[in-house]
Visitor: 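Dumping the structure here so I can ask a few things about it.
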Protein chains: 2
Amino acid sequence: MEPDLTNNQKIVLQTLEKSEQPLGAYSILFNVEKKGIKSPQQVYRALDKLITIGAVHKIESLNSYIACKHKECKARESTSFLICQDCQRVFEILEADLSDKFLKVSKKSNFKYSTHNLEIFGVCKTCS
Amino acid sequence: MEPDLTNNQKIVLQTLEKSEQPLGAYSILFNVEKKGIKSPQQVYRALDKLITIGAVHKIESLNSYIACKHKECKARESTSFLICQDCQRVFEILEADLSDKFLKVSKKSNFKYSTHNLEIFGVCKTCS
DNA sequence: TTTGTTATGTTATATTATAACATATCACAT
DNA sequence: ATGTGATATGTTATAATATAACATAACAAA
């Protein structure tokens, strides 16, 4: 059972949920200043918590964050995204067999697979 | 035929080649100051070029850079890495079938696959 | 040898992220 | 209801990563 979110965490999460595109931390900050959040720290702390519980994911190559659309997201650690180079939207994919594939590929190098981050770039359905 | 590298580009590349771990841009800068490179700009510019020609790759989740060990690396755009959480070393993998897999997965979402960045985390052979 | 392209040197600044510390709030066992 | 420990907050400052802008130099190739 997840603990309830605090005010700041809710505000940050709602901001991300409303956004079509991933948002940077300072872009989130700009959006929530009218709601009383005044410093980067507050945003980053809320993000940390939200990421820990799997409600938000970071897109590493964009230094940006998205709300996870999947209830009870298992992707606390491993994540896989489709990133549209036209509209900047990001779609999370939950393919069980990706982990299997990466486990196998890792094994070939005698590497113990733990988690992964996959970012696929291209053009989304709407943009093509 | 690739153009020859300039002095700054060679210096930055050699620094990365000598390193066991990926290096951040400012860590590279620290290493090359005695060789006459004095500003972040010079490092970033050399990195840009080296990345463009495929001689260096960026590890997005670490904001760090590694020299590519593969002659004539095709990975100018798509990259796949094994990242050891114990020793911080990074191993690039060249699995042709990963692109195929990602193409298929993308297709399922009506997404036109173009390139990818894969970062697998775990424990390397030496560390386990 | 001039012309266009690419690289350099340099200073300044933008962007992303953490450190540190005092205070407050919350969950919950006594 | 009260103390206790864990977690969150507010705030200021600063670290770490990356780019802008502009003047100059080197280089390739017609």
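Just so it is clear, the structure is predicted and the values come from calculations on it, not from any experiment. Each chain gets a letter, A, B and so on, in the order the sequences are listed, and its residues count up from 1. Just so you know, these numbers use all the heavy atoms, side chains as well, and skip hydrogens, waters and symmetry mates.
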Visitor: Using side-chain heavy atoms (C-beta onward) and a distance below 4.5 Å, is Lys35(A) in contact with Asn7(A)?
Guide: no

Visitor: Between C1' on dA6(D) and NZ on Lys49(A), what's the gap in Å once rounded to a whole number?
Guide: 11 Å

Visitor: Give the cluster check for Ile83(B) versus Leu98(B): same hydrophobic cluster or not, with ILVMFWY residues linked at side-chain heavy-atom distances below 4.5 Å.
Guide: no

Visitor: Can you say whether the rings of Phe102(B) and Tyr113(B) are parallel (under 30°), tilted (30 to 60°) or perpendicular (over 60°)?
Guide: tilted

Visitor: Determine whether Leu103(B) and Leu118(B) fall in the same hydrophobic cluster, where Ile, Leu, Val, Met, Phe, Trp and Tyr are linked whenever their side-chain heavy atoms lie under 4.5 Å apart.
Guide: yes

Visitor: Which value, rounded to the nearest 0.5 Å, describes the distance between Ser78(B) atom OG and Glu119(A) atom CD?
Guide: 12.0 Å

Visitor: Closest approach of Lys58(A) and Phe81(A), non-hydrogen atoms and distance?
Guide: O-CE1, 4.0 Å

Visitor: Is any side-chain heavy atom of Phe111(A) closer than 4.5 Å to a side-chain heavy atom of Val105(A)?
Guide: no

Visitor: Roughly, in whole Å, what's the span from CD in Gln9(A) to P in dT7(D)?
Guide: 12 Å

Visitor: Quick check on the hydrophobic clustering: are Leu13(B) and Leu47(B) connected, directly or via other members, by side-chain heavy-atom contacts under 4.5 Å?
Guide: yes

Visitor: Going by number, which of residues 58-65 of chain B have a non-hydrogen atom under 4.0 Å from DNA chain D?
Guide: Lys58(B), Asn63(B), Tyr65(B)

Visitor: Where do Gln42(A) and Lys38(A) come nearest, in terms of heavy atoms and distance?
Guide: OE1-N, 2.8 Å

Visitor: Would you say Ile66(B) ends up clustered with Leu16(B) if hydrophobic residues are merged whenever their side chains have heavy atoms under 4.5 Å apart, either directly or through other cluster members?
Guide: no

Visitor: Is it true that Glu95(A) and Lys108(B) have a side-chain N and a carboxylate O under 4.0 angstrom from each other?
Guide: yes

Visitor: Mark up nucleotides 23-29 of chain C, 5' to 3', with B wherever a protein heavy atom is under 4.0 angstrom from a base atom, S wherever such an atom reaches only the sugar-phosphate, and - elsewhere.
Guide: -------

Visitor: Check the pair Leu82(B) / Cys84(B) against side chain to side chain contact (heavy atoms under 4.5 Å, CB included), numbers first and verdict last.
Guide: CA-CA 7 Å; Leu82(B) 305 175; Cys84(B) 178; over 6 Å; no

Visitor: Starting from P on dT12(D), measure out to CD1 on Ile37(A) and report it in whole angstrom.
Guide: 16 Å

Visitor: Please give me every residue in residues 10-36 of chain A whose heavy atoms get under 4.0 Å of an atom in DNA chain C, ordered by residue number.
Guide: Tyr26(A)

Visitor: Look for any protein N or O under 3.5 Å of an N or O in nucleotides 26-28 of chain D and output each such pair with its distance, or none.
Guide:
none

Visitor: Got a sec, which pairs hit ring-ring contact (aromatic ring centres under 6.0 Å, His included) with one end in residues 18-45 of chain B, sequence neighbours left out?
Guide: none

Visitor: Could you pull out the closest heavy-atom pair between Cys87(B) and Cys124(B), with the gap in Å?
Guide: SG-SG, 3.9 Å

Visitor: Determine, using the 4.5 Å side-chain heavy-atom cutoff (strictly less than), whether Ile53(A) and Val43(A) are members of one ILVMFWY cluster.
Guide: yes

Visitor: Rounding to an integer number of Å, can you tell me how far Asp4(A) CG sits from dA8(D) P?
Guide: 12 Å

Visitor: Contacts to DNA chain C from residues 38-48 of chain A, heavy-atom cutoff under 4.0 Å, which residues?
Guide: Gln41(A), Tyr44(A), Arg45(A)

